[in-house]
Protein chains: 2
Amino acid sequence: MADDDPRPLTLRDVSEASGVSEMTVSRVLRNRGDVSEATRKKVLEAAKELGYVPNKIAGALASQRVNLVAVIIPSMRNMVFPEVMAGISSVLEDTELQPVVGVTDYEPEKEERVLYEMLSWRPSGVIIAGIEHTEASKAMLKASGIPVVEIMDTDGTPIDTAVGISHRRAGREMATAILKAGYQKIGFLGTKMPLDFRARKRFEGFTEALAKGGVEVMAQEFYSGGSALAKGAEMTKEILEREPELDFIYYSNDMIGAGGLLYLHEQGCNIPGDIGLAGFNGIELLQGLPRKLATMDAMRSEIGRKAAEIIWARVENGDAAPEKIIEFSPKISYGDTLRR
Amino acid sequence: MADDDPRPLTLRDVSEASGVSEMTVSRVLRNRGDVSEATRKKVLEAAKELGYVPNKIAGALASQRVNLVAVIIPSMRNMVFPEVMAGISSVLEDTELQPVVGVTDYEPEKEERVLYEMLSWRPSGVIIAGIEHTEASKAMLKASGIPVVEIMDTDGTPIDTAVGISHRRAGREMATAILKAGYQKIGFLGTKMPLDFRARKRFEGFTEALAKGGVEVMAQEFYSGGSALAKGAEMTKEILEREPELDFIYYSNDMIGAGGLLYLHEQGCNIPGDIGLAGFNGIELLQGLPRKLATMDAMRSEIGRKAAEIIWARVENGDAAPEKIIEFSPKISYGDTLRR
DNA sequence: TTGAAAGCGCTAACAC
DNA sequence: GTGTTAGCGCTTTCAA
């Protein structure tokens with residue numbers, strides 16, 4: 001234990017300490033091939049005694065195999081992505097694969113850099129949020145020769161496989177439900193993020209379906225920055241001051257929706273009688289509010305799991321996914337803020 | 001561009017395509033050493049044309065340098081950790097270092113496995129949450145020979161450097177403030193996580209300071225699972241049914257505190273007159289609730305930044321941190337739920 | 001400014 | 001069962 005040599009330990013050290021060849025030590029440490037119980041024990045003891053930690057860099061180079069899966073997401077602060085991660089982890093935990101996360105901050109150029117960085121570690125697969133990428137990113141992914149799963153969005157052409165929901169459809173379905181419930185004067189509150197393609201697609205689908213019903217969005221507003229809950233309250237107040245006629249507000253996510261709900265509840269509004277509300281995501285966190293916001297589950301966990309399963313199947317047996325696009329169908333949850 | 005050879009590209013391919021030696025190609029791609037502008041251009045063009053992505057595995061093995069920093073946290077679903085991550089990233093972004101995250105789910109054995117896994121990639125440093133680890137983990141960290149920063153908690157003996165707050169002190173200070181405000185019948189609601197050492201230390205400090213003031217916790221309850229917001233409401237209801245006398249509830253985190261606050265607010269309680277509330281964390285997310293919960297900022301972002309700075313200084317110039325323990329001093333925020 | 005040779009620490013493939 | 005040999009793709013070092 002008196003160790004002041006900063007040189008990291010190598011297989012050779014374990015080999016010498018145990019009197020077993022490097023090759024056999026390697027076999028023991030990886031549980032590969034037949035090794036007698038006796039030498040096995042000797043090696044394990046020596047390794048533990050020395051505190052040897054294998055060098056995966058050397059191992060990966062020699063074996064040409066890396067057990068990492070690159071997971072590229074826009075942000076960790078939006079609860080949506082940790083939940084997708086949880087789905088991915090839950091599947092990969094039972095395999096030899098390990099997720100490694102990269103964050104893009106919703107910036108395509110950063111996505112490109114992160115992707116380049118991650119690919120340079122030669123991962124066994126890539127799971128990447130969204131279906132829109134720069135040309136350079138797409139080229140890298142195609143050239144990588146590894147399985148690529150684009151997640152969360154199916155409105156587009158996947159590079160390899162896409163797993164997600166159609167946000168356009170989600171927007172349409174919510175609009176349809178709102179119209180069916182008899183609301184007519186509809187407002188929209190969203191985030192000011194030109195690069196949040198999924199939010200935009202929802203909005204597009206939403207207005208499109210309203211149009212089919214002969215209804216136009218009466219007022220809309222986009223925010224950026226700040227606490228979503230606070231912004232939701234504040235913007236709800238503003239939009240209703242401007243358009244007191246509104247009988248429904250569709251929020252681009254549950255967080256600002258919850259802010260609006262709390263505010264209106266506080267004001268003693270009759271929800272969903274005089275005014276209805278709906279968000280998007282199905283954030284579990286919000287269970288426990290005085291009233292339950294209508295929303296649509298983005299199926300984050302399912303998406304994460306499916307994506308991981310596809311990668312694992314490819315790595316394990318080379319099985320490609322049966323289809324290029326795997327689309328989940330989220331259902332509306334009416335909560336207490338949308339009439340049936 | 002007609003590429004159906006799945007073999008990944010190597011330096012040699014770029015070398016051949018550009019007619020420049022591998023060595024010089026390597027120099028260009030790393031911006032090392034003097035290379036004439038002419039060859040430089042040739043190489044860059046060839047690399048881009050081919051879509052070459054360097055192999056960091058080989059690079060790392062040859063150079064014995066890895067630009068990764070292992071960041072080991074208990075969970076990504078607790079907003080606390082993404083915020084620490086953001087602090088870390090903000091600093092590392094301006095360096096050549098890259099964070100790589102591992103999640104332990106608050107399990108010491110999993111921490112051990114994750115640590116082993118990450119160390120086997122020979123990162124340049126480790127940032128790890130908490131100051132309690134298994135003996136094996138501590139041994140690995142010590143033997144690794146790389147800078148190690150334990151974050152979030154300073155109540156203990158660091159392996160190398162610790163950056164955080166004293167949760168014991170945090171609990172004490174909250175207790176003192178509560179007593180000073182004149183509350184006397186105090187309840188506590190927390191999470192049932194024996195391995196959340198920081199929550200436990202806060203509770204210990206809290207009861208200790210109350211005891212000094214001659215006060216004992218009148219009722220306490222621990223929950224596990226479910227939405228924190230919902231649990232906060234539910235448990236608040238229960239504890240008050242059991243002990244209607246309570247004039248203060250201290251929550252082990254802001255999320256269940258917010259649940260309690262929403263519930264009591266709904267009930268029309270006089271807060272902070274008849275009953276006071278306080279949480280812990282300073283979760284930005286909660287700005288925008290009808291009333292602001294008293295809390296104490298855990299200084300997550302500062303801690304993340306400081307930890308990253310320490311690692312970078314060590315990697316860059318070998319500068320060790322000036323002190324082994326760097327303790328931040330969070331201040332109480334009284335909000336609307338704690339009398340002054 | 002450029003190139004050639006010699007590894008980095010490990011594992012695939014093949015002997016024994 | 002165990003050992004030997006020859007790389008994996010890059011960078012270090014030294015020579016030109």
Side-chain angles (χ1 to χ4, degrees), chain A residues 5-44 46-47 50-67 96 117 119-124 144-145, chain B residues 5-44 46-47 50-67 96 117 119-124 144-145:
Chain A
D5 181 358
R7 179 181 62 82
L9 294 162
T10 69
L11 261 192
R12 159 171 248 111
D13 295 306
V14 182
S15 165
E16 282 168 1
S18 61
V20 176
S21 78
E22 283 186 46
M23 194 55 235
T24 300
V25 171
S26 165
R27 282 196 267 256
V28 171
L29 265 23
R30 284 176 299 145
N31 295 312
R32 280 273 149 62
D34 292 324
V35 180
S36 75
E37 199 46 50
T39 45
R40 176 185 190 65
K41 192 170 291 176
K42 261 196 298 190
V43 169
L44 254 21
L50 295 171
Y52 172 69
V53 176
N55 185 331
K56 287 224 177 197
I57 295 173
L61 185 61
S63 67
Q64 305 283 61
R65 279 185 290 97
V66 178
N67 69 338
E96 65 205 16
E117 188 72 20
L119 287 179
S120 72
W121 286 100
R122 300 291 188 264
S124 291
S144 70
Chain B
D5 180 359
R7 179 182 60 81
L9 295 161
T10 68
L11 260 192
R12 162 172 245 110
D13 296 306
V14 182
S15 165
E16 282 169 2
S18 62
V20 176
S21 79
E22 282 188 46
M23 195 52 239
T24 300
V25 171
S26 166
R27 281 196 269 256
V28 171
L29 264 23
R30 284 176 299 143
N31 295 313
R32 280 273 150 63
D34 292 324
V35 179
S36 74
E37 198 45 49
T39 45
R40 176 184 190 66
K41 191 169 294 176
K42 263 197 297 191
V43 169
L44 255 20
L50 295 170
Y52 172 70
V53 177
N55 185 330
K56 287 224 177 195
I57 296 172
L61 183 60
S63 66
Q64 306 283 64
R65 281 185 289 98
V66 178
N67 68 339
E96 65 204 19
E117 187 72 21
L119 287 180
S120 72
W121 286 99
R122 301 290 189 265
S124 292
S144 69

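Convention: sequence-line order gives letters A, B, ...; per-chain numbering from 1. From a predicted model like this one, the values you see are computed outputs, not experimental measurements.
The interatomic distance linking L61(B) (CG) with dG9(D) (P) rounds to 12 Å, in whole Å. Regarding N55(A), its CG atom lies at a distance of 9 Å from the P atom of dT11(C), rounded to whole Å. Rounded to whole Å, the distance from CD on E37(A) to P on dT2(D) is 10 Å. Atom CZ of R40(A) and atom C1' of dT2(D) are 15 Å apart (whole Å). Regarding R122(B), its CZ atom lies at a distance of 9 Å from the C1' atom of dG9(C), rounded to whole Å. Computed from coordinates, the K56(A) NZ to dC8(D) P distance equals 22 Å when rounded to whole Å. Rounded to whole angstrom, the span from the CG atom of N31(B) across to the C1' atom of dT11(D) amounts to 15 Å. Distance I57(B) CD1 to dG7(C) P: 23 Å, rounded to the nearest Å.
Among the nucleotides dT1(C), dC10(C), dC8(C), the one closest to the side chain of D34(B) is dT1(C). Checking dA13(C), dT11(D), dC10(C) against the side-chain heavy atoms of M23(A) singles out dA13(C) as nearest. Counting only heavy atoms from C-beta on, A58(B) has its side chain closest to dG9(D) among dA12(C), dC10(C), dG9(D). Closest to the side chain of Q64(B), from the set dA4(C), dG7(C), dG9(C), is dG9(C). Picking from dC10(D), dG9(C), dG3(D) the nucleotide with the shortest atom distance to the side chain of V20(A) gives dG3(D). Looking at the side chain of T10(A), the nearest of the listed nucleotides dG9(C), dT11(C), dT2(D) is dG9(C).
Across S15(B) and S21(B), no two heavy atoms sit closer than the pair OG-C, 3.7 Å. Closest approach of L50(A) and L9(A) over heavy atoms only: O-CD1, 3.2 Å. Heavy-atom minimum distance, V14(B) versus V43(B): CG1-O, 4.1 Å. E117(B) and N67(A) get closest at one heavy-atom pair: OE2-ND2, 3.4 Å.
Residue-level contact check: R65(A) touches the backbone only, with heavy atoms under 4.0 Å from sugar-phosphate atoms and none from bases.
Side chain R27(A) to base dG3(D): a donor-acceptor pair is found below 3.5 Å.
OP1 or OP2 of dT11(D) lies within a sub-4.0 Å distance of a side-chain N or O belonging to S26(B). Dashed line: the shortest gap from a side-chain N or O of R12(B) to OP1 or OP2 of dG9(D) is not under 4.0 Å. Put simply, S63(B) has no side-chain N or O that comes within less than 4.0 Å of OP1 or OP2 on dT11(D). Contact annotation: S36(A) side-chain N/O to dG1(D) OP1/OP2 distance is not under 4.0 Å. Look at Y52(B) and you'll find a side-chain N or O under 4.0 angstrom from OP1 or OP2 of dC10(D).
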Does the salt bridge (Lys or Arg N to Asp or Glu O under 4.0 Å) test come out yes or no for E16(B) and R12(B), once each step is laid out?
-> CA-CA 6 Å; E16(B) 282 169 2; R12(B) 162 172 245 110; 3.6 Å; yes

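Summary of the strand contacts: T24(B) and E22(A) both lie near DNA chain C, and taking for each the nucleotide with the nearest heavy atom, the more 5' one is attributed to T24(B). Between T39(B) and R32(A), it is T39(B) whose nearest contact on DNA chain C lies nearer the 5' terminus.
The closest side-chain heavy-atom distance from R122(A) to V53(B) is below 4.5 Å.
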